[in-house]
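Both backbone and side-chain heavy atoms feed into the values below; hydrogens, waters and symmetry mates do not. This structure is a prediction, so every number in the text was calculated from the model and none was measured.
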Amino acid sequence: MFEQQRQLIPFYIHAIEHISVGIHAIDTEGKTLLYNAKMKEIEGYAFEEMTSHSLFELFAFRKKDSTLWRVLQTGRKEMNVKQTYRNKDGHEITTLNDTFPIFDEDKLIGAIEFARDITSLEKLIYQPLRRYGEPLTFDSISAVSSAMKQVMTHAKKAAHARIPVVLIGDSGTGKDLIAESIHHALLPNNDDFITFFSRRDEHIVEKIRSHLQAGGNYTFFFERIEFLSIDMQEQLLHILKELSVTQHMIIGSIGSDPIDLISDGQLLKELYYFFANLTISIPPLCERKEDIEPFVTDYFARHRARFASSIQGLSPEVMRLFMSHDWPGNLKELELLLDEIAAVITNEEVVTFEMLPLHFRFKVQQVDTPTSLILNDEQLLPLDEYLRDAEVFYVQSVLKMHNGNVTKAAAALGMSRQNLQYRLRKWKQYD
């Protein structure tokens with residue numbers, strides 16, 4: 001048996017180096033053990049660089065944002081998790097990761113990640129109307145939920161008062177749509193709406209000065225300001241204080257709780273206070289699922305108008321699946337799914353289950369159930385053990401829903417952050 005395994009080693013090495021997905025493995029201390037050619041192509045680092053630095057020295061994300069690190073801490077696999085960060089050259093990249101804990105005789109010895117590069121796909125940022133040559137206005141928003149109506153009410157007040165505003169929301173919730181809607185609601189109108197992408201724009205201050213020298217009134221939208229370095233945030237704050245807020249509209253966005261970002265050293269407190277004359281939180285799609293049907297209806301209405309198709313909407317079965325899905329990618333994920341569906345439409349009037357992309361069908365058919373679910377007498381467990389497994393499953397599901405954000409998960413569970421952290425540490429002792 002040992003000789004047979006030894007003979008397979010060259011084949012394993014060849015497969016690892018030529019497979020079309022990136023592979024990255026770490027030990028329990030976070031030290032890199034395996035880093036294949038595809039992962040080097042995606043992230044730009046050599047194996048020697050990875051072994052001589054920690055993940056958090058090389059990549060600008062917090063520990064809880066790293067799928068590898070989370071799996072190492074929980075001992076539980078994470079499948080199809082999207083991760084956006086910057087590579088060695090400072091370019092924003094997005095990967096879809098399957099990450100597994102590695103055990104040796106029930107002892108956790110590390111974690112391994114298989115990463116698919118979906119950066120090109122992610123560049124199709126949430127712009128549901130711009131493809132049709134239409135401006136993004138409040139009238140363009142199809143949302144009917146009370147939460148989004150409140151968002152639009154506050155956004156219209158910001159436009160009327162022309163005061164700096166910060167938009168808070170997960171990736172894909174439509175912060176850019178709200179920002180541009182504010183721009184088009186301004187009276188008098190501003191000349192241009194200019195977006196700065198903090199994750200890949202290293203010359204924001206210089207570009208602002210260039211626009212100001214050209215003259216005109218602008219709406220400046222700073223997307224995800226927490227991705228700027230603290231030094232760059234200080235420079236940005238300095239130039240923003242020089243701007244006339246009656247002449248220019250200033251909008252910023254962040255992706256999570258500002259208190260967490262400030263305490264973690266990712267967001268300059270003074271910069272947040274500058275933007276926070278008005279704070280507008282945009283809820284994730286999973287908290288306002290009543291917005292799904294009007295969004296789908298509007299999407300297909302535009303599809304009929306542009307392509308003369310016959311498509312009317314979703315079958316009742318597909319709509320039920322849409323309403324039961326968590327939509328971790330929010331409206332962006334929904335729109336990209338509709339794009340995939342629209343690509344195969346011919347003369348159909350209704351989207352049926354068979355027309356859904358295979359990856360989505362597989363995802364919605366997977367039912368997460370606790371491993372301790374009782375089916376027969378042979379699987380009976382002590383009540384304490386069964387309840388602990390059920391509690392762990394439920395909490396992990398809520399954490400996953402909130403992308404590992406302990407503060408949001410604790411609020412959803414109705415407990416303090418400290419209480420949730422205590423439970424997580426306690427469960428780790430059982431793993």
Side-chain angles (χ1 to χ4, degrees), residues 82 94 118-145 148-149 151-152 155-156 169 171-186 189 191-195 197 219 221 223 282 284-285 288-323 325 327-361 363-364:
K82 188 172 66 177
T94 301
I118 59 169
T119 304
S120 297
L121 179 63
E122 283 298 294
K123 287 182 179 178
L124 297 171
I125 60 174
Y126 172 59
Q127 296 177 336
L129 304 176
R130 189 172 288 115
R131 70 179 66 182
Y132 301 106
E134 300 177 17
L136 303 181
T137 68
F138 288 117
D139 291 336
S140 307
I141 300 175
S142 59
V144 297
S145 65
M148 282 305 294
K149 287 181 179 179
V151 166
M152 288 187 282
K156 289 174 182 178
S171 176
T173 49
K175 297 185 292 295
D176 55 339
L177 175 57
I178 296 298
E180 191 161 342
S181 296
I182 292 174
H183 166 72
H184 286 294
L186 295 173
N189 297 328
D191 297 314
D192 290 306
F193 177 79
I194 300 168
T195 301
F197 297 97
T219 300
F221 175 44
E223 183 260 5
I282 304 176
L285 187 56
R288 49 184 180 95
K289 289 188 176 181
E290 59 267 45
D291 290 332
I292 293 175
E293 186 169 359
F295 184 91
V296 172
T297 299
D298 183 68
Y299 181 97
F300 286 128
R302 295 177 185 281
H303 191 275
R304 291 194 301 273
R306 186 171 188 184
F307 300 105
S309 65
S310 302
I311 194 70
Q312 297 297 315
L314 309 177
S315 71
E317 178 189 13
V318 173
M319 180 56 75
R320 284 195 297 270
L321 290 176
F322 275 33
M323 295 301 289
H325 184 50
W327 300 107
N330 295 295
L331 282 173
K332 183 194 293 186
E333 179 186 357
L334 174 56
E335 190 199 17
L336 291 177
L337 178 64
L338 293 175
D339 285 346
E340 289 188 75
I341 294 170
V344 300
I345 288 175
T346 53
N347 58 354
E348 294 88 355
E349 294 186 359
V350 176
V351 176
T352 61
F353 180 80
E354 292 72 23
M355 294 171 63
L356 297 176
L358 183 61
H359 67 85
F360 186 76
R361 278 187 276 165
K363 187 184 300 182
V364 296

* To do: Quick one: do Arg304 and Gln312 satisfy side-chain contact (heavy atoms from CB on, under 4.5 Å)? Show the steps, please.
  => CA-CA 8 Å; Arg304 291 194 301 273; Gln312 297 297 315; 3.6 Å; yes
Flag side-chain contact, heavy atom, 4.5 Å: [X] against [Y]:
| X | Y | answer |
| --- | --- | --- |
| Phe300 | Ile345 | yes |
| Tyr299 | Asp339 | yes |
| Val151 | Ile178 | yes |
| Lys332 | Thr173 | no |
| His325 | Lys289 | no |
| Leu334 | Asn330 | no |
| Glu340 | Leu338 | no |

What's the shortest heavy-atom distance between [X] and [Y], and which atoms?
| X | Y | answer |
| --- | --- | --- |
| Arg361 | Leu356 | NE-O, 3.0 Å |
| Phe322 | Trp327 | O-NE1, 2.8 Å |
| Met355 | Val350 | SD-O, 3.6 Å |
| Ser310 | Asn347 | CB-O, 4.1 Å |
| Glu290 | Val144 | O-CG2, 3.5 Å |

* **Ser140 (side chain) donor-acceptor with Leu136 (main chain) under 3.5 angstrom** => no
* Quick check: does any side chain N or O of Asp291 sit under 3.5 Å from a backbone N or O of Met148, one acting as donor and the other as acceptor? -> no
To the nearest 0.5 Å, tell me how far [X] [atom1] sits from [Y] [atom2].
| X | Y | atom1 | atom2 | answer |
| --- | --- | --- | --- | --- |
| Ile292 | Leu331 | CD1 | CG | 8.5 Å |
| Ile341 | Glu348 | CD1 | CD | 11.5 Å |
| Leu177 | Thr137 | CG | OG1 | 8.5 Å |

* Sequence neighbours excluded, which residues qualify as side chain to side chain donor-acceptor pair (under 3.5 Å) partners of Ser309? -> His303
* Asked: Who pairs with Ser142 by side chain to side chain donor-acceptor pair (under 3.5 Å), at least two apart in sequence or on another chain?
  -> none
Side-chain atoms of residues 313-321: list all donor-acceptor pairs with protein atoms under 3.5 Å, sequence neighbours left out, distances to 0.1 Å.
residue: Ser315; atom: OG; partner: Val318; partner atom: N; Å: 3.2
residue: Ser315; atom: OG; partner: Val351; partner atom: O; Å: 3.3

* Structure fact -> Tested for side-chain contact (heavy atoms from CB on, under 4.5 Å) against Thr219, the lone hit among Thr195, Leu186, Ile194, Ile182 is Leu186
* **Evaluation steps, side-chain contact (heavy atoms from CB on, under 4.5 Å), between Glu349 and Ile311** => CA-CA 4 Å; Glu349 294 186 359; Ile311 194 70; 5.7 Å; no
* Pick out which of Phe193, Phe138, Phe221 makes a ring-ring contact (aromatic ring centres under 6.0 Å, His included) with His183. => Phe193
